[in-house]
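Atom set for the values below is all heavy atoms of this structure, side chains included, hydrogens, waters and symmetry mates excluded. Index from 1, following the sequence.
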Amino acid sequence: MFKFHKKGITIGDTLISSIDQSVSAVVIDDSHIELAGRQMTLSSGALELLRRKGRERTSIQGTKFWLLNG
């Protein structure tokens with residue numbers, strides 16, 4: 001499982017979705033974000049955003065879909 005601290009990301013940092021850059025999420029612990037008021041992993045957050053765009057997938061590498069400082 002991905003751990004934010006291993007990449008220098010801290011609790012409270014804001015991540016921007018590369019799927020929809022108007023969407024952001026906040027890091028709430030070492031492996032979860034808060035998106036739309038819900039706690040989830042990077043992968044589940046990315047899957048949710050892809051579904052909103054009409055793109056169905058069953059699994060995804062979440063780290064490829066979130067940006068920190070661009």
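Not one N or O on the side chain of Asp13 forms a donor-acceptor pair closer than 3.5 Å with the backbone of Val27.
Rounded to the nearest 0.5 angstrom, Ile19 CD1 and Ile60 CD1 are separated by 5.5 Å. Going from atom CD1 of Ile33 over to atom OG1 of Thr41 covers 7.0 Å, rounded to the nearest 0.5 Å. Rounding to the nearest 0.5 Å places CD1 of Ile9 at 9.5 Å from CG of Asp30. To the nearest 0.5 Å, atoms CH2 (Trp66) and OG (Ser24) are separated by 8.0 Å.
You'll find the side chain of Ile28 stays beyond 4.5 Å of the side chain of Ile11, heavy atoms only. At a threshold of 4.5 Å between non-hydrogen side-chain atoms, the residues Glu34 and Met40 do not count as touching. Using a 4.5 Å cut-off on side-chain heavy atoms (C-beta onward), Gln39 and His32 make contact. His5 has its side chain out of reach of Thr10: every pair of non-hydrogen atoms, C-beta onward, lies at least 4.5 Å apart. Within the 4.5 Å cutoff, the side chain of Phe2 has heavy atoms near those of the Leu42 side chain.
Under a cut-off of 6.0 angstrom, the local environment of NZ in Lys3 is crowded, with over 12 non-hydrogen atoms contributed by other residues, nucleotides or ligands. For Arg52, the CZ atom counts as densely surrounded, since its 6.0 Å shell holds more than 12 non-hydrogen atoms of other residues, nucleotides or ligands.
Each of Ser17, Ser22, Ser18 was evaluated against Asp20; a single residue qualifies, Ser22, per the side chain to side chain donor-acceptor pair (under 3.5 Å) test.
For the pair Gly62 and Ser43, the tightest heavy-atom approach, listed with the atom from each and the gap, is N-OG, 3.1 Å.
Cluster membership check: Leu35 shares its hydrophobic cluster with Leu68, using side-chain heavy-atom separations under 4.5 Å among Ile, Leu, Val, Met, Phe, Trp and Tyr. Residues Phe65 and Ile16 do not share a hydrophobic cluster, clusters being chains of Ile/Leu/Val/Met/Phe/Trp/Tyr side chains in contact below 4.5 Å.
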